[in-house]
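Reckoned from all heavy atoms, side chains included, excluding hydrogens, waters and symmetry mates.
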Amino acid sequence: MGQIEQMKIFVRVVEAGSISEAARQLNMAKSMVSRQLSELEKNLAIVLAKRTTRRITLTDVGRHYYQQSLGIIDEVERLNQQTRQDGSQVAGPLHVAAPVSFGTLHLSAAVSEFAKKYPNIQLHLSLSDSQHHLVEEGIDVALRIARLKDSSLKARYLTPIRFMLVASPEYLSQHGPINSPHDLARQNILHYSFQQSTRWQLYQEEQCETVDYQAMFSADNGEILRDLAIAGRGIAMLPTFICWQAVVTGQLVNILSDYQPASLDAWLVYPNMRYQSRRARVFMDFLLERFSNNPYWDQALSHSS
């Protein structure tokens, strides 16, 4: 194995925090990772890191070598990219993370098209509503729906995530009418449990109405809340990418449409401390072209209103 490949293994070990985790991410035997790291140190005649059974600790020279390795790997990657003229030649593994509902409802079709366009990229998709530690877990790109905090990650804006209050026609016939936010206090509310507060803020122009509620039912998955709302079990505040089809078909009704819940944004985030492969770039470009600032689910809602 050449020195560049050994550098890549060394970088992955540093970022994963242990040889065992790096071996898992690289799909290599732990003994192979350890041997390549030892051979790299032998060839350099230096100790890059001190090992224990659970973690590694970089030496001073190891920290310097790590930073320099990032730049060298980046330049090698750039050189390789410049020699590839045909998009079909983009190849190799790509690890992507995304929220569960967005992944199942919208990424499955997107991934299928992406795989057809780039057949030599081995895409590994992980769906979870918990935020991944990108560097430690070897994630190249993660889709996050959030107000991003300052971090060591880089980000590209993907699309707005809008919300609406919905209920079934049957529920409204039994529990309505709902003419103002104050009417929500006596309703059956379906609560998204990742939202710690049982408080909604609804905006009408510059005015904000606050609604405190007790949850009739809670779940950590928006599709379950959508289905319960369709079944007439209560009112839910859902992202439009989850409820749009049910609203368009009349299974759900957008209530208090004059009031707008606060929106979020979808971002594509990726590590700042590592080179970015062409695989990651073409994947992000693909998603940006597909979803843009006015995604198809919001377009469908606009046409149906």
*Show your reasoning for whether side-chain contact (heavy atoms from CB on, under 4.5 Å) applies to L252 and I230.*
CA-CA 6 Å; L252 291 175; I230 292 173; 3.7 Å; yes
*For side-chain hydrogen bond (donor to acceptor under 3.5 Å, both in side chains), just list the numbers for Y213 and Q187, CA-CA rounded to whole Å, side-chain angles, deciding distance to a tenth of an Å, and then say yes or no.*
CA-CA 8 Å; Y213 62 87; Q187 301 296 327; over 6 Å; no
*Take E209 and H182, measure what side-chain contact (heavy atoms from CB on, under 4.5 Å) needs, and give me the verdict at the end.*
CA-CA 9 Å; E209 295 281 354; H182 300 290; 3.6 Å; yes
*Side-chain contact, heavy-atom cut-off 4.5 Å: Y259 with Y203?*
no
*asked:* For a 4.5 angstrom cut-off between non-hydrogen side-chain atoms, does I121 reach F114?
replied: yes
*Measure the spacing between CZ of R63 and OG1 of T57 and express it to the nearest 0.5 Å.*
9.0 Å
_I'd like to know whether L264 forms a side-chain contact (heavy atoms from CB on, under 4.5 Å) with F163, so could you lay out the CA-CA distance, the side-chain angles of the two residues, the decisive distance to 0.1 Å, and finally the verdict._
CA-CA 8 Å; L264 293 174; F163 291 78; 4.0 Å; yes
*Answer with yes or no whether the hydrophobic clustering places I4 together with L44; edges join I, L, V, M, F, W, Y residues whose side-chain heavy atoms lie under 4.5 Å apart.*
yes
_Measuring only between side-chain heavy atoms, which start at C-beta, is N43 closer than 4.5 Å to Q3?_
no
*Other residues, nucleotides, ligands: >12 heavy atoms within 6.0 Å of D212 CG*: yes
*asked:* Distance alone, cut at 3.5 Å: any donor-acceptor contact between the side chains of E223 and T104?
replied: yes
*Can you tell me how far OG1 of T210 sits from CH2 of W200, rounded to the nearest 0.5 angstrom?*
13.0 Å
*Residues T59, I46; criterion side-chain contact (heavy atoms from CB on, under 4.5 Å); working and verdict*: CA-CA 10 Å; T59 61; I46 56 174; over 6 Å; no
*Indicate yes or no: at least one non-hydrogen side-chain atom of H106 is less than 4.5 angstrom from one of L287.*
no
*Roughly how far, to the nearest 0.5 Å, is the CZ atom of R12 from the CD atom of Q25?*
5.0 Å
*With side chains defined as the heavy atoms from C-beta onward, is the minimum distance between P295 and D298 less than 4.5 Å?*
yes
_Heavy-atom side-chain contact between I189 and T198 under 4.5 Å_ = no
_With heavy-atom distances below 4.5 Å as the criterion, would you say the side chains of V248 and W297 are in contact?_
no
_Gap separating the CD atom of E289 from the CE atom of M284, nearest 0.5 angstrom_ = 14.5 Å
*F291 and F241 aromatic centres sub-6.0 Å*: no
*asked:* Using a strict threshold of under 4.0 Å (side-chain N to carboxylate O), is an ion pair present between R156 and D285?
replied: yes
_So, taking the atom named CG in N188 and the one named CE in M216, what distance separates them when rounded to the nearest 0.5 Å?_
3.5 Å
_Once rounded to the nearest 0.5 Å, what's the spacing between atom NE2 of H175 and atom OH of Y171?_
4.5 Å
_ILVMFWY cluster, V47 and V11 together (side-chain gap under 4.5 Å)_ = no
*Can you check whether F286 and Y118 have ring centres sitting under 6.0 Å from each other?*
no
*Hey, is R279 close enough to D140 for a salt bridge, meaning N to O under 4.0 Å?*
no
_Contact between S18 and R24 at the side-chain level, heavy atoms closer than 4.5 Å - yes or no?_
no
